[in-house]
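In this text, all values refer to a predicted model and were calculated from it rather than measured experimentally. Atom set for the values below is all heavy atoms of this structure, side chains included, hydrogens, waters and symmetry mates excluded. In what follows, residues are counted from 1 in the order of the sequence shown. Whatever order the structure lists ligands and atoms in, that order sets their numbers, starting from 1.
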Amino acid sequence: MSQVQPFTTNALLDVSGDFPVLDQEVHGRPLVYLDSAASAQQPAAVIDTVAAYHRNDHANVHRGVHTLSERATEAYEGARDKIQAFINANSRREIVLTSGTTESINLVAQSYCRPQLKPGNKVLITQLEHHSNFVPWQLVCEQTGADLLIAPIDRRGQLDLERLQELMTEDVFLLAVGHVSNALGTVNPIQDIVGWAKQRDIKVLVDGAQGVPHMAIDVADIGCDFYAFSGHKMFGPTGTGVLYGREALLDDMPPWQGGGDMILEVRLDGTVFNDLPYKFEAGTPNISGVIGLGAAIDYLNAIGMDRIAAHEHVLLEYMMGKLSDVDGVRLIGTAESKTSVQSFMLGDIHPHDLGTILDHQGVAIRTGHHCAMPVMDFFEIPGTARASLAIYNSSDDVDRLIAAVEKARHIFA
Ligand code: 7TS
């Protein structure tokens, strides 16, 4: 008999009606979207804001005296202010707008680390990282002769915190660590980790791609030097992202890319760079996307990040319990502290086959290595099936997932 109790709670949100894309059938079944860790859906409020901008206000930013350019600039810079408040940064100068987490991390690797790293220096990461928080460090270590250290994980998919601290030696220049694992849902004790690094004068970048959509983020409280995240995982448009950086560090960093908008003056014999944060924003930015990201933040604030976290917590517990009740299911990632993501295997069925069968029942999950091959290597598997939750998911969605997995089990029996 199932050990999971029937679903009775009123802690849950009911906002799926805000997301037009969810109102459709896939293969003749109502869509159940459980792939928000890859990219979250957008509420009508975001879609409408972007459309209204294109209908009424579009022009380039920071360069026109005409009305449309002023409107576009105001909306774009207004979004920056919303982001600053949302993560409690000290100043809008600390909010660099990028194309996503990937670009934000590469910016730090190339502009902050590359000019300073020397042979013998170390960059410390963990085995839990997404490739975006892995490969940029491999590259910059190759470019500079620095060494890359990798902190190990345990069978539950948690960081080995003792080993991590041992690896924080004085020649470590920077620690780059995820807030939440995209493959396993592990929530790292980020404040503790940053605290240990600070005691040793190690700078810290936090990959917050999977943190920001699921919990209130306060960069002042976390105490990190850099925090990177993506708009499209927090119900905003694709091609938007943020690098929060401490002002004193950003000030000392050279520009990463050259072009329009990042300069104050260009002369034949040299260039004076723009102030923060524009020094890091060369070229015409993703104006409509950033304005849409501002609308996504309004949407999240209106619901409240604490309610979102509570909703997802209840739903994740329910999903983990139900999944582990299915014969032949093995959960991958059972950390004590988790959010919104569950990876699993069903017997020896290849995750891609499982994902295809689920899709035919209208259930969208992600399968494969989730851009976290080092995590898969640790568990000695090629990949997993991964169901990831967001504010618009319900216990019915979890029940549909379970029914679909049961069906797959019967097909392969
Ligand atoms: N870091 C983490 C922890 C992520 O989950 C992702 C994307 C990235 C960085 C890169 O973000 P991007 O917006 O720059 O691409 N994660 C996933 C995923 O889990 N499935 O598809 C993309």
Under 3.5 Å: N/O of K233 near N/O of ligand 1: yes
Shortest protein contact, atom 4 (C) of ligand 1 (heavy atom only): H130 CD2, 3.4 Å
Minimum-distance protein heavy atom relative to atom 14 (O) of ligand 1: T102 OG1, 2.6 Å
Side-chain heavy atoms of N188 within contact of V180, under 4.5 Å: no
Neighbour count above 12 (heavy atom, 6.0 Å) for M305 CE: yes
Ring centers of H130, H370 separated by less than 6.0 Å: no
Per-residue contact class, D207 against ligand 1 - non-hydrogen pairs under 4.0 Å: side chain
Within 6.0 angstrom of K82 NZ, more than 12 heavy atoms from elsewhere: yes
Contact check, A37 vs ligand 1, heavy-atom distance below 4.0 Å: yes
Check: N88/D218 side-chain N/O donor and acceptor closer than 3.5 Å: yes
Closest to atom 19 (O) of ligand 1 among R386, H370, E129 (heavy-atom distance): R386
Sub-4.0 Å heavy-atom approach of H131 to ligand 1: no
Ligand 1 versus H232: contacting region, heavy-atom distance under 4.0 Å: side chain
Top protein contact for atom 10 (C) of ligand 1, by heavy-atom distance: S132 OG, 3.4 Å
Ligand-residue contact atoms, ligand 1 with R366, heavy atoms, under 4.0 Å: 18 (C), 20 (N), 21 (O), 22 (C)
Residue Q210 vicinity, atoms of ligand 1 by number, heavy atom under 4.0 Å: 3 (C), 4 (C), 5 (O), 16 (N), 19 (O)
Under-4.0 Å heavy-atom contact with ligand 1, by part of S230 that carries it: side chain
Over 12 foreign heavy atoms within 6.0 Å of CD, Q24: yes
Proximity to ligand 1 by part of H179, non-hydrogen separation under 4.0 Å: neither
Donor + acceptor pair across side chains of T98, S104 (<3.5 Å): yes
Residue R55 excluded, over 12 heavy atoms near CZ under 6.0 Å: no
Over all atoms of both residues, closest heavy-atom pair of S111 and M253: OG-CB, 3.3 Å
